[in-house]
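Below: the structure, in structure tokens.
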Amino acid sequence: MEPQLQGPYVPPEMLSKRPKKSWIIPASAGLAAGTVLGLLIGVTASGGGVSSSAMSQKVIDQAVENCSMDAEGYTVMDGGAAIELDTKGEDSFDSGTSNYFSYLCMLDELGVPEVTQQKMSRTRALDGTQRDTWDGLQASWSYHPDSGINILIEGAKN
């Protein structure tokens with residue numbers, strides 16, 4: 001009677017115990033420390049496009065470049081501490097950008113939260129001036145079909 005083999009044949013030298021992997025714990029600690037450090041640097045550097053304390057000329061310039069914003073669509077104020085965004089309304093004499101995609105891009109680049117953007121898009125002419133704050137910034141905006149939407153974003157007042 002022939003012996004029946006079960007499973008693959010493993011040579012005896014392969015059956016010996018494997019050496020302990022003493023590098024696993026230090027490598028895991030290094031990976032964890034690197035991940036935490038990377039997250040801290042990323043959160044500090046990105047801040048959703050704007051530092052959490054205030055707006056800056058550098059952030060505004062970068063947003064304008066990234067979004068290809070028309071000069072008619074924005075006004076920088078107080079040396080970069082504030083910006084006004086303006087969309088063109090139905091009035092033929094109204095200034096502002098007619099590039100709605102650039103306007104939406106600017107909101108994203110300047111770190112305006114989605115909730116605030118929804119509030120802005122739902123504002124009606126009879127609602128008057130609306131306001132919202134987030135991460136050390138505040139926005140006030142109004143809308144009228146003739147003049148479009150006008151948004152002022154600046155550092156929050158305490």
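Numbers for residues simply follow the sequence, beginning at 1.
The distance from atom CD of Glu109 to atom CD1 of Ile60, rounded to the nearest 0.5 Å, is 12.5 Å. Here Asp132 contributes atom CG and Leu137 contributes atom CG; the two are 11.0 Å apart, rounded to the nearest 0.5 Å. Atom-to-atom distance recorded for Thr97:OG1 and Met69:CE is 5.0 Å, nearest 0.5 angstrom. In this structure, CZ in Arg131 is found 13.0 Å from NZ in Lys119, a value given to the nearest 0.5 Å. For the atom pair Asn150 CG and Thr75 OG1, the distance stands at 9.5 Å (nearest 0.5 Å). One distance of note links CD of Glu90 with NZ of Lys88; it measures 10.5 Å at 0.5 Å rounding.
Ile83 is listed as a side-chain neighbour of Met106, based on a closest heavy-atom distance under 4.5 Å. Residues Tyr103 and Ile151 are in side-chain contact: their nearest non-hydrogen atoms beyond the backbone lie under 4.5 Å apart. In this structure the side chain of Glu154 never reaches within 4.5 angstrom of the side chain of Met55, judged on heavy atoms.
Using a distance-only test at 3.5 Å, with no hydrogens or angles considered, a donor-acceptor pair links the side chain of Asn99 to the main chain of Ser102.
Checking each of Leu152, Thr129, Asp127 against Ser142 for a side-chain contact (heavy atoms from CB on, under 4.5 Å) leaves exactly one that passes, namely Thr129.
Ile149 and Met120 get closest at one heavy-atom pair: CD1-O, 3.8 Å. Closest approach of Ala139 to Ile153, counting heavy atoms only: CB-CG1, 4.2 Å. Among all heavy-atom pairs drawn from Ala63 and Leu110, the shortest one is CB-CD2, 4.1 Å. Shortest non-hydrogen contact noted between Asp91 and Phe93 is OD1-N, 3.0 Å. The shortest non-hydrogen separation linking Asp86 to Ser95 is OD2-O, 3.3 Å.
If you chain together hydrophobic residues whose side chains sit under 4.5 Å apart, Met77 and Val59 never meet in one group.
With no hydrogens or angles considered, no side-chain donor-acceptor pair links Thr116 and Trp134 at under 3.5 Å.
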